[in-house]
2 protein chains.
Amino acid sequence: MLVKDNLTRKERIELKATELFREKGYAATSMRDLAAKLGMEAGSIYSHVRSKEEILQKICFRMANEFSEKLTEVENSNLSPIGKLKRIIIEHTKVITKDISASAVFWNEWKHLSKPFIDDFQLMKNTYEEKFIDIIDQSVKSKDFKKTDNKFTAMLILSALNGIHQWYKPEGPMNPEEVGEQLAELLIGGIKKKLKHNNSKH
Amino acid sequence: MLVKDNLTRKERIELKATELFREKGYAATSMRDLAAKLGMEAGSIYSHVRSKEEILQKICFRMANEFSEKLTEVENSNLSPIGKLKRIIIEHTKVITKDISASAVFWNEWKHLSKPFIDDFQLMKNTYEEKFIDIIDQSVKSKDFKKTDNKFTAMLILSALNGIHQWYKPEGPMNPEEVGEQLAELLIGGIKKKLKHNNSKH
DNA sequence: CCTACCGATCGGTAGG
DNA sequence: CCTACCGATCGGTAGG
């Protein structure tokens, strides 16, 4: 994280919890682990936070909201279908790279949410995927894309995007926008060189 | 799983543990949860298994071995570089789809391995990734692929492959070989239709 | 394979 | 923010 100053106590707790949840997983992270990282006792955390799960909820729903806001923006733009897909890949990449730890927790630990929350979360996740598939559908209808199983294609792209947190290093040569552009280029155009006269078979 | 008969007690324990580790995560699965699924008491499991972690170790290293065996086979084949990449995508897909639960555990829970084992595991994982990058390198040198950051490309492909367990349904219309071929086609060739005269820019 | 149990650790609270 | 503590649950064992 770039700025560790100017954080409220509550924000510092959430920041350190995010890092621990990512490293050890939610279930294997104890409030005593978290307290040690913060230089305090476990009981003291509860002055700022209602429960361990409350922290997880904030992380998961903050990320879910960021993803769906960006998707809505792109949907409402007047880009071409293929332009929308490229744009959403870039925006999704930027959200992930902005906070890799929170993205990893969002992606790997949401299953530990309890009953009313996990249903809300899955609903948001499903809605996001459906809208994503819809953008692929539009691209196929506008003849930009090969005709394939569009859900299959959507899941392929989402898997590639949601794996970013496992290898992206902020110190690397590419900034988030560039990473997103490169991903969009490879996913949409493929990694194979295009030849002058080819037919897309084999 | 297709065949649940003819399993030793130990195999039944590992099978149910794999499913639970996938659903709830390793840390959140108790030996009492597992015992309940098996219709026995927690203490009884220890007649067949040394520890909870031993089960995780078997799952993780079995999958790791399957992946690296397939990779070695493909490396030693006399396929072209691009043929090798296509083949390894298909073989990787087949290993994952053959046991989705074990794949999910392999991918999400290895961080709970303890000290000597986690180092061995990470070594195998790194070796696999390096060999994968090497196949991309060869394809670029043989002029089949666009010149890009090859590690970047490798991680994109591996992310896409390792996301399969999150959406693949064995009841679906495509069998594993077909899923692998479709993935290879989309990753290598891209999702965009190829036009007669294009230059790969924009 | 079960009963009965161990010490350790968990999330969380009361009272200051 | 700490001390001192609660009941619950954990992985694992002994003895049958």
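Quick caveat, the model's predicted, so the values are computed rather than measured. Numbers restart at 1 for each chain; the letters A, B, ... are given by sequence-line order, proteins then strands.
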Next item on the list: Could you check how far NZ of B:Lys24 sits from C1' of D:dC10, rounded to whole Å?
Entry: 13 Å

Note to self: In whole Å, I'd like the distance from the CD atom of A:Glu54 to the P atom of C:dT13.
What the structure shows: 12 Å

Check: If you check every side-chain atom of A:Met40, which of C:dC1, D:dC2, D:dG12 has the closest atom?
Finding: D:dC2

Item checked: Whole-Å gap separating P (D:dT9) and CG (B:Leu34) -> 18 Å

Next item on the list: Could you tell me whether the side chains of B:Asp134 and B:Gln138 share a donor-acceptor contact shorter than 3.5 Å?
Entry: yes

Check: With a 4.0 Å cut-off on heavy atoms, is B:Ser30 in touch with a base, just the backbone sugar-phosphate, or nothing at all?
Finding: sugar-phosphate

Next item on the list: Check the distance between C:dG11's C1' and A:His48's NE2 and give it to me in whole angstrom.
Entry: 18 Å

Checklist line | Residue mapping more 5' on DNA chain D - nearest nucleotide basis, A:Arg9 or B:Thr29 | finding: A:Arg9

Next item on the list: Determine, step by step, whether B:Lys37 and B:Asp33 satisfy the salt bridge (charged side-chain N to carboxylate O under 4.0 Å, His left out) criterion, reporting the C-alpha distance in whole Å, the side-chain angles of both residues, the deciding distance to 0.1 Å, and the verdict.
Entry: CA-CA 6 Å; B:Lys37 266 233 172 183; B:Asp33 291 334; over 6 Å; no

Note to self: For a quick test of reading the model: is some side-chain N or O of B:Tyr46 closer than 4.0 Å to OP1 or OP2 of D:dT13?
What the structure shows: no

Next item on the list: Could you work out which one of C:dT3, D:dC2, C:dC1 sits closest to the side chain of B:Glu41?
Entry: C:dT3

Next item on the list: Please say which of A:Lys70, A:Glu181, A:Gln182 ends up in a side chain to side chain contact (heavy atoms under 4.5 Å, CB included) with A:Ile90.
Entry: A:Glu181

Item checked: Distance in angstrom units between A:Arg32 CZ and D:dC5 P, rounded -> 14 Å

